[in-house]
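Below, chains carry the letters A, B, ... as their sequence lines are ordered, and counting in each starts from 1.
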Amino acid sequence: MSISAPRYVSGPVVHVGRTTRALAIFRRELLRRATWGPLLAVALTWLVVVAAATFSVAFSSLTGFSAMSGFESPYESVAWILLILIVAATVGAGSLADDIGSRAITLYLSRPINLSDYLVAKAGATGTWLLIAAVGPGCVAVALTTALGYVSASTALAAVGAYFAVGIVTAVFFTGVTLVFSSVTRRSLYAGVATFGAVLSIGVSASVVSGITGNTQILYANPVTLTQTMAEAAFGVSSSSPLNPTTCAVVMVLVGVVLATLAWWRLARIEVVGE
Amino acid sequence: MPGGLLQADSVTKRFDQVEALSNLSVELAPGTIGLVGPNGSGKTTLLRLLLGLLPPTSGRLSVLGHDPQSEPLLVREKVGYMPEHDCLMPDLSAVGFVAHMGQVSGLPREVAMSRAHDVLEFVGLKEERYRKIREYSVGMRQRVKLAQAIVHDPPLCFLDEPTSGLDPQGREEMLRLLGVLSRIGGHSFVLSTHLLPDTEGLVDQVLLLNAGRLLAAGSVRDLLSGGEVHTIVRIKGDTRAFAAALSAKGVAVEVEGSDLKVTLPGGNTRTIFEVAQATQTQVRYLGPSVRTIEDLFLSMIDGAARRNGP
C-alpha cells in the first residue's frame with residue numbers, strides 16, 4: 001500500500017439538508033436488506049397471495065359470490081399473517097441490531113443528523129419492504145383479474161384501496177414490533193426470533209384466554225384477529241368478528257408507534273463513543 | 001464564547017458518583033492537537049462532549065465557534081470523527097461505505113462518490129476500494145475509518161486512538177498518513193491517544209489529561225521548553241567518580257547508562273569543565289537533554305502527585 005498526496009480539491013460544497021441525509025440512510029437500508037432471506041419471504045408472500053386471490057375471484061365469478069370476498073380471502077388464512085411475520089423478522093430484525101453489533105451506529109450518530117432522522121429512515125426502509133409484501137401481491141391479483149375480465153374497474157379500484165388500507169396499518173404495526181426487538185440486541189437473529197415468537201405467542205395466548213374466559217375484548221391483543229377484522233371491514237365482507245374494525249386499526253397503529261418510540265428511547269441510551 | 005478551534009469553560013462531567021472531567025478550562029487554536037492521557041483519563045468523554053453527544057454537568061464548550069449542545073448538527077457538519085473501535089459495515093465495499101458516510105454528512109450523492117474515491121486513494125486503498133470491508137486487515141480497516149472521517153472535508157477531525165491494534169509497520173504508516181494530513185492547510189485534528197510517542201513530531205499543541213483533570217495544555221514548544229533544563233554529559237573516564245565530584249559541587253546528577261543527566265543551576269556549564277579538569281576527565285559530549293511529551297507528562301503527573309501529598 002502506498003500513500004499518495006491527496007488529489008481531492010477542497011472547495012465550497014453546498015451541503016444537502018437533513019431530509020436528504022436521512023434519505024441516504026433509507027436507500028442504503030432498503031438495498032442492504034435485498035438478500036436471499038427477505039427476497040424469498042417476499043416472493044413466497046406474492047406467490048401465495050396472488051394465487052389465492054386470483055383463484056378466489058375467478059371462483060366467485062363462477063359461483064356468483066362478491067369479487068371483494070375473493071380479494072379478501074388471503075386474510076382469512078393464518079398463512080398471510082405468518083408470511084408477513086417472516087418478512088418482518090427477516091427484514092426488520094437487522095435494521096438496528098446490525099448497526100449496534102458493528103457499532104456503525106457510532107458513525108451515524110456522530111454525523112449531522114438526529115437520532116429521530118436515523119430511526120425514521122430505518123423504519124421507513126422496513127416499512128417499505130413490508131408494504132411491498134402486504135400491498136404488492138394484492139395489486140397484482142387485482143390487475144390480473146381485471147385483465148381477465150373477472151372484475152369491473154370500480155371493483156378493482158375499491159380492492160386496491162382496501163389492500164392499501166390493510167397493508168399500511170399492518171406495516172406500521174410490524175415495523176414497530178421489529179424495531180423494538182432490533183434495538184435491544186446486537187444480533188439480528190435474536191431480534192428475528194423474538195419478533196416471530198412474541199407475535200405468535202401473544203396471539204395464541206389471547207385466543208386461548210378469550211376462549212376460556214369468554215371475554216372477546218382480549219382478542220384485541222391478537223394480531224391475527226385484528227388483521228382479519230380490519231380486512232373484512234375494508235373489503236366490505238360480512239364479519240363474524242366481535243371486534244370493532246376501526247378500533248382494531250387504531251390499536252395496531254398505536255402499538256406500532258409506541259414500540260417505535262420505545263426503540264428510540266432505547267437507542268438514545270446507547271453509548272455512542274465507547275472506550 | 002468567541003470562535004476559536006476548541007474552548008472549554010469550567011467543564012465538568014459527572015456520571016453518578018464518578019467525575020469523568022473536572023472543571024476543565026482550555027482554549028486551543030487551529031492546528032494539530034494531541035489529546036493525551038492514560039486510559040480512563042477522560043479523553044473519550046471530552047470527545048463525546050465536543051460532538052454534542054453528551055451534555056456537560058456544568059460549564060460550556062465551543063467547537064469552531066459553535067456550542068455542541070445547542071448546535072450539535074452544525075458542529076458535526078464541520079467535524080470528522082474516527083472512533084477507536086471497529087465501526088464499519090462489513091457487507092459493504094470501502095468505496096460504497098465511505099460514499100454513504102459522505103452523503104450522511106451532507107454531501108450530494110455524486111460529490112460523495114467522487115470524494116470517496118479520492119480519499120481512499122489518499123489513504124492508500126485505491127486498488128482495494130471495491131473489496132468488501134469484511135475482507136480487510138486491521139490496518140486497512142483503520143484506513144477506511146480515517147477515510148470516512150475526512151470524506152466530507154471537515155475543517156476539524158477527531159481521531160480516537162488511530163494506531164490502536166496496529167502492528168509496528170501499520171502504526172508507522174498511519175502516523176505517516178496523519179503527518180501528511182496535518183500538513184494540508186486549513187485542516188485541524190485532535191489526536192486522542194494514550195501512546196505518547198504517537199504524538200511526537202505530529203502535534204503542535206497538546207492537552208494532557210489525567211483522572212479527568214487538566215495537567216497542561218498549550219503549544220508543545222512552549223510546554224517542552226518550560227521547567228528544569230537538563231544537560232547530557234558524556235565523558236571518557238570513570239563516570240561514577242565524575243558524577244560524585246559533580247554532586248560534591250552541589251550539582252544534581254543522574255547516571256543514565258554511559259551518560260550523565262545534569263541539572264545545572266542557571267544553565268552554567270563552567271562547573272562541568274572545572275570538575276573535568278580536577279578529575280583529569282575528558283568531556284566527549286555536552287548538549288541539552290531533548291524533552292519529549294512523555295517526559296513532560298510524567299513530570300506533570302509526578303508534580304501533581306507531590307502537590308496532592310501521600
I need the residue from A:Ile25, A:Leu115, A:Asp117 with the largest number of non-hydrogen atom pairs under 4.5 Å to chain B.
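The residue among A:Ile25, A:Leu115, A:Asp117 with the greatest pair count is A:Ile25.
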Between A:Leu23, A:Asn114, A:Thr20, who has the most heavy-atom pairs with chain B when the cutoff is under 4.5 Å?
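Maximum pair count with chain B is reached by A:Asn114.
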Could you check B:Arg76, B:Gln103, B:Met101 and say which one makes a side chain to side chain contact (heavy atoms under 4.5 Å, CB included) with A:Arg111?
B:Met101
Residue selection (most heavy-atom pairs with chain A, distance under 4.5 Å) from B:His100, B:Met89, B:Arg109, B:Gln148
B:His100
Residues in ring-ring contact (aromatic ring centres under 6.0 Å, His included) with B:Tyr136, at least two apart?
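With sequence neighbours excluded, B:Tyr136 shows a ring-ring contact (aromatic ring centres under 6.0 Å, His included) to no residue whatsoever.
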Given that the side chain runs from C-beta out, which part of [X] has a heavy atom under 4.5 Å from chain A: side chain, backbone, both or neither?
{"X": "B:Leu54", "value": "neither"}
{"X": "B:Phe97", "value": "side chain"}
{"X": "B:Asp91", "value": "side chain"}
{"X": "B:Glu161", "value": "neither"}

Is there any salt bridge (charged side-chain N to carboxylate O under 4.0 Å, His left out) pair reaching into residues 87-99 of chain A, and which pairs are they, with sequence neighbours excluded?
A:Arg32-A:Asp99, A:Arg33-A:Asp98, A:Asp99-A:Lys122
Heavy atoms from other residues, nucleotides or ligands near CZ of A:Arg27 exceed 12 (cutoff 6.0 Å)
yes
So do B:Val104 and A:Arg28 actually touch side chain to side chain, heavy atoms under 4.5 Å?
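Not touching, per the 4.5 Å side-chain cut-off.
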At what distance, to the nearest 0.5 angstrom, does [atom1] of [X] lie from [atom2] of [Y]?
{"X": "B:Arg48", "Y": "A:Ser110", "atom1": "CZ", "atom2": "OG", "value": "12.0 Å"}
{"X": "B:Asp86", "Y": "A:Ser102", "atom1": "CG", "atom2": "OG", "value": "8.0 Å"}
{"X": "B:Leu73", "Y": "A:His15", "atom1": "CG", "atom2": "NE2", "value": "13.0 Å"}

